[in-house]
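Single-structure report; data block below.
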Amino acid sequence: MSNLSKPIPPAGGPNALEVDIRAKTFRGADGEDVRAIEAIAFSVAPASFATLIGPSGCGKTTTLRIILGLDREFSGSLKLPDSGGRVAAVFQEPRLLPWRTVDDNVRLVLSDEEADGDLDDLFEILGLAEMRSRYPAELSLGLARRVALARAFAIRPSLMVLDEPFVSLDEQTATRLRALLTNVWSARPTTAVMVTHNLREAVELSDRIIFLTERPARVRGVYEIDKPRAERDSRWREATLTSIAKRYSGIL
Amino acid sequence: MSNLSKPIPPAGGPNALEVDIRAKTFRGADGEDVRAIEAIAFSVAPASFATLIGPSGCGKTTTLRIILGLDREFSGSLKLPDSGGRVAAVFQEPRLLPWRTVDDNVRLVLSDEEADGDLDDLFEILGLAEMRSRYPAELSLGLARRVALARAFAIRPSLMVLDEPFVSLDEQTATRLRALLTNVWSARPTTAVMVTHNLREAVELSDRIIFLTERPARVRGVYEIDKPRAERDSRWREATLTSIAKRYSGIL
Amino acid sequence: MADDRQSGTAGRALMPASGAGVLPSVGPRLVTVVSLAGLLAIWWVAAILADSRVLPTPPQVAEAFWRDAATGELFFHLAMTLMRVVAAFVLAMVIGSVIGICLGMNREANRFFDPWLILFLNIPALVIIVLAYIWFGLNEAAAIGAIAVNKIPNVVVTLREGARTLDRDLEEMARVYRFSAMKTLRHVVLPQLQPYFAAASRTGISLIWKIALVVELLGRSNGVGFQINLYFQLFDVASILAYTLAFVAVMLTIEFFLVQPFEAHSTRWRPKRARG
Amino acid sequence: MADDRQSGTAGRALMPASGAGVLPSVGPRLVTVVSLAGLLAIWWVAAILADSRVLPTPPQVAEAFWRDAATGELFFHLAMTLMRVVAAFVLAMVIGSVIGICLGMNREANRFFDPWLILFLNIPALVIIVLAYIWFGLNEAAAIGAIAVNKIPNVVVTLREGARTLDRDLEEMARVYRFSAMKTLRHVVLPQLQPYFAAASRTGISLIWKIALVVELLGRSNGVGFQINLYFQLFDVASILAYTLAFVAVMLTIEFFLVQPFEAHSTRWRPKRARG
Amino acid sequence: ARDIAKIRVGVLKFGTVNWELDAMKRAGLDEKAGVDVEIVPFAGENASAVALQAGSVDMIVSDWLWVSRMRAEGADFTFVPYSTSVGSLMIQGDSEVEDLGDLKGKTIGVAGGPLDKNWLLIQALAKKDNGLDLSAENYIVYGAPPLLAEKARQGELDAVLNFWHYAARLEAEGFRTLVSGSDAAMKLGTSGPVASIGWVFGDAFARNNEAAIAGFLAADKATKDVLASSDEAWEALKPLMKAGDEKTFVKLRDRYREGIPARSGTAEAKDTEKLYEILAKIGGEKLVGPAKTLSPGTYYDDGKNG
Ligand SMILES: Nc1ncnc2c1ncn2[C@@H]1O[C@H](COP(=O)(O)OP(=O)(O)OP(=O)(O)O)[C@@H](O)[C@H]1O
Ligand SMILES: Nc1ncnc2c1ncn2[C@@H]1O[C@H](COP(=O)(O)OP(=O)(O)OP(=O)(O)O)[C@@H](O)[C@H]1O
Ligand SMILES: [Mg+2]
Ligand SMILES: [Mg+2]
């Protein structure tokens, strides 16, 4: 896992990620329409980190799916940072291949040249060293989620999309993994979009937080964070949390 | 959903839940043994609420599976509060029947007499009123988890088993649902075992918190909470959290 | 390079995902008609090119069809065969599914009965049919039983594979919530087996029909198999095809007006395939 | 009432979940042997009770077996049939799977070709075989081709059902991570289709063998089908059974020494069934 | 050595034709007649017909009715009589049935299906002599010949119309003939037994391989002469015949000998035409096809008989 050990020149696509969803409606199995998104427009500057926060079921995952190109039936437009670049995604569920071992699940996302690379460091830091020859059915949910993170961290993407990456983990592990993400990301800044329900996490990691309303989702407000990550100590964090809570009632 | 609307005499089994797992080893697909549990012994008094907290992958879900009678290949013994009674379980994943609507998924767990009961209140309070005729594939993860909670709350169990019930929900919804759980539970106290990674949640809900070690799991310590739930204000909570954090390093 | 994916207008987004595609304006019925017409055209051209008694043209087959349809003979034989096919199909599906699901869910039983299954899978139809006729007489019951016995092992194998892949998580959920055996079967097990039932019945009905032909050939005095054999002796391929296509027409009708609507209904819960 | 579930000793917990069961001390091989012996016993008793030329006893069949085995005749015919079965099986599985997976993944193509599929499913084996022989001559290629054409629609139907249930989540994961088509097929699609392949091949090999018998009857001068029909004309059931069982023995050997170990290996990732 | 003509003959492996060809090869009679006969065995009745049309064999054994029908539809097959042995309606030895009239209300098995020539003739005879419509007033079971023979043994059938060697085997087991196909034909007006089955081959093949056909027919005649007179020749055929016991063996041999046609094809043609008319009347277009009369050229004309 070379991008963990040696410093790499800043990466990420040359352009901003520009999302402009003007409407997204699902046709339900019962024939009724479900309006998921009313209007979500935001942009993420090259090599910066944005977080989406919104009530459960408001349309966050739908937005990420549109960004990932998994859903093209919406009205609006989308500009990716780098159309040829790779994308690292952590889905809301682990989405591992049940018939491949942990090791293979991670290795499969590598390109052919990288496939024989050394992943020991990565597995070690994620606490998966012992699990490499296991199958997903033998993992606890927290372990499986970590494998999904390993998969995203194993490649060098130009865009990262993370849907609640640190959920279902104990506080200690989550903290360690957030630190890992910060490291990986600082070593090679990539345009990143994350969804979380954890405002603390958002404040710690992001450059920009986008608050969404209830379904059908609209952008409720955008909170910019200019403070360099290194300087975000716990006092600053509490102050920021309070200021956000004041501005967007009901978030905390 | 009668147990939401009118007060019901205290329920739960007549006996304490007594768990005494002396060893639990999995045989992995690669033929190697995985020791999941070294020794977990605890008891939950009739109609009291216990919480298990431990690092990711330490054996919490395994313990719950043993309590639920889903895994009998362990050494040790188990005493249920009421062998004839019903059990309400929230698994770590939603485990909904994909081919049944939300409404049917909940209704199916009811006994034949209750099957036609009025579930409107329950769905309303869980924010699922609009979703009743949807299929699970059309739900967001948070919505699906709420359906799993609805299922557990729809019956009158003598034992409740909850595996991270409030994860993947926004803070507001989670708070509402914790309040709901407290209400349901107070109206008809049931022996309950919950797993969570959220110490705040544990402190708010439990009578007893059992801390587990890394895999293979042992009981690291047990923290008793005597304060009545009504008196647990935020000052008391912060104090308790600090005292726990002092006693069990690395928990917060 | 920036990638600008402009995804149409609001109107597009309101279209159901399943309706869009290569032929968005063509209705499903029309596609079927075009498909059948294409098949007919291919056959016609091939028949004209081959110019052989062995591959008659559509009009020749139509003529053979009308000849036997006018006397009502064709419908009589078709009805007899359909009766046998339906009876044997119901028997085979019910018995085969029960056995298959049990074997799939029980490793020990499966280990014990697996050799029996392989034996019955591989006994030639001829042997079963002849033995059935010899033991039970040249009658309808023997005929239908023989067809069913031929098909049962196939149903068992398919449903057994299905039962092996049953979702453990859902089974556990049903157990914890004390679902009765009936409830578990109806709401948990059978819906998971739907694709296996679909495969077993589609391949099943065609296999049963083929075996019915042999059964009728060997010892029945009516039915499509009886007629086909008669025309085979005369090498009258047009008539053979007329009877075959009459049966195929019945199957197509059942498929389009019964099976497909039913299937669409029972699988409406499935997430639609992504078409990014 | 308290429920005290005492779950054995530590030794028990170390036992692999799959090994425990009703017959924990009996090895799987032994179960198979007992199973076959049971089958033999039932047959023997039935034959003695029936006391008929039509249901010979095991020794009578063994005698018929040795008679034709001693001259090498039986092995020659068996080898010929096996050759045809294997060739047709490979052809049918490859072609059928490709078509089936494509149809299962593409709604439009499926809508168009569905009627064709139903047609080909229901064309009697006899018709296909005769047409193949007439057009391509009575040679090995025509025989094998005719068998394969008979089987292909069944494979298509089974794999199509499988492809329809492919996991959308995994497919999306593969797309996002830019899996190549080959990688997706090999690591994402095919493992999900394993049970459908298993069903299609198990029912497939037996169907192919049955069709091979008809093909050999209609136009080959060797093979088990040829022999079985000869003995049918003499009503020599013992010899018919001798040939049948020789084939079944080959199938059992393949099943136990090739298919099952392979299957156990390729499905070792599956969570074991709960046995609470 | 001169080029020896070759001919491939498709036969039923356990059929009577195979016995004859085996005897021919055994005695080297084919080579003596200047032809090399290759026996191509098949397991089913229809297989040889498929083989002939697919061009995989040059000659098979079939009946003239089929040949006539095929010619009417444009095929060029032609026919040389091989045997007058035909199917017989058999009843159990101790059966009370004395003539066709007694069959009323019985269960009758018929091999060969509703369009079988003998079955049509016997039905016509029953109607004419006994005023009985066999198929209307009886329970008729059509089925595979070996199965029907077995069913007759089991007693499930009161009478069975089966091909001659099944009939011969049943006869050896104590069955008796109620009426045979050629009996029926003669009672309906033919002057002698008509060979209903014969060698069938294409006109084109005959034209291009005149020597082969001539040689083959000569060898066939020589073989028949041997089998008609020599019992030793039959001993050699025993394993092929699978007779089971001596009685059956003798029956099969005797019935075979009876079936050797005494008349030449051309001599039979007149009777055949008459028979065709009778059959066309009772079997209708279903049986004979569109042609109202025997197709010209059905009987092979080697051009020597003038
Ligand atoms: N395929 C679908 N068909 C119909 N409705 C859908 C579909 N997918 C999502 N929805 C609906 O769209 C809305 C938004 O879903 P989405 O998954 O984006 O929510 P979310 O913000 O990610 O929520 P959560 O925090 O619970 O994950 C929900 O109400 C959901 O029920
Ligand atoms: N069927 C199995 N086969 C082999 N190992 C297993 C199996 N199930 C669980 N394990 C292992 O047992 C250990 C405990 O698993 P368990 O699911 O109980 O963890 P957990 O405490 O619930 O973790 P999490 O917080 O991540 O859900 C893990 O290391 C897991 O890999
Ligand atoms: Mg989501
Ligand atoms: Mg867990």
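Chain letters run A, B, ... following the sequence lines, proteins first and then strands; every chain starts at 1.
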Closest approach of C:T158 and D:A199, non-hydrogen atoms and distance?
CA-CB, 4.0 Å

Taking side chain as everything from C-beta outward and backbone as N, CA, C, O, which of these in D:F256 sits under 4.5 Å from a heavy atom of chain C? Side chain, backbone, both or neither.
side chain

I'd like to verify something: which residue of D:V130, D:I228, D:L117, D:V237 has the highest number of heavy-atom pairs under 4.5 Å with chain C?
D:V130

Per-residue contact mode, C:F197 against chain D (heavy atom under 4.5 angstrom):
neither

Sort D:V156 into side chain, backbone, both or neither according to what part of it lies under 4.5 angstrom from a heavy atom of chain C.
neither

Region of D:Q192 that comes under 4.5 Å of a non-hydrogen atom in chain C
neither

Is it the side chain or the backbone of D:F247 that comes within 4.5 Å of chain C heavy atoms, both, or neither?
side chain

Can you tell me which portion of C:I254 sits under 4.5 Å from chain D's heavy atoms? Options are side chain, backbone, both or neither.
neither

Measure distances from D:L39 to the heavy atoms of chain C and classify the residue's part below 4.5 Å as side chain, backbone, both or neither.
both

Measure the CG-CZ distance between C:L36 and D:F112 for me, rounded to the nearest 0.5 Å.
9.0 Å

Of the backbone (N, CA, C, O) and the side chain (C-beta and beyond), which part of D:I42 lies under 4.5 Å from a heavy atom of chain C, both, or neither?
side chain

Could you pull out the closest heavy-atom pair between D:L252 and C:P115, with the gap in Å?
CD2-CA, 3.8 Å

What pair of heavy atoms forms the shortest contact from D:K210 to C:I123, and how long is it?
CE-O, 3.3 Å

Output the option from D:T32, D:L126, D:T203 having the highest count of non-hydrogen pairs under 4.5 Å with chain C.
D:T203

Okay, C:N150 and chain D: the region with an atom under 4.5 Å from a heavy atom over there is both

Please state whether the side chain, the backbone, both or neither of D:L121 comes within less than 4.5 Å of a heavy atom of chain C.
both

So, taking the atom named CG in C:L131 and the one named CG in D:L241, what distance separates them when rounded to the nearest 0.5 Å?
7.0 Å

At a heavy-atom separation under 4.5 Å, does D:L119 approach chain C through its side chain, its backbone, both, or neither?
both

So do C:T244 and D:V127 actually touch side chain to side chain, heavy atoms under 4.5 Å?
yes

Contact class of D:W209 relative to chain C, heavy atoms under 4.5 angstrom:
side chain

Which portion of D:L207 sits near chain C, non-hydrogen atoms under 4.5 angstrom:
side chain

Report the option among C:Y196, C:F113, C:F232 that has the most heavy-atom pairs separated by less than 4.5 Å from atoms of chain D.
C:Y196

For chain C, which candidate among D:I134, D:V224, D:L245 shows the most heavy-atom pairs at distances under 4.5 Å?
D:I134

Measuring from atom CZ of D:R164 to atom CD of C:Q194, what distance do you get when rounded to the nearest 0.5 angstrom?
8.5 Å

Rounding to 0.5 Å, atoms CD1 (C:I208) and CG (D:N122) come to a distance of 11.5 Å

Search all heavy atoms of C:R160 against all heavy atoms of D:R202 and return the closest pair with its distance.
NH2-NH1, 3.6 Å

Could you grab the distance from atom OG of C:S206 to atom CG of D:N154, nearest 0.5 Å is fine?
5.0 Å

Under 4.5 Å heavy-atom distance to chain C, tell me which part of D:D169 shows up: side chain, backbone, both or neither.
neither

From D:R111 CZ over to C:L30 CG, what is the distance, rounded to the nearest 0.5 angstrom?
11.0 Å

What part of D:L159 gets within 4.5 angstrom of chain C, counting heavy atoms only: side chain, backbone, both, or neither?
neither

Comparing D:A109, D:G162, D:A198 against chain C, the one with the most heavy-atom pairs below 4.5 Å turns out to be D:A198

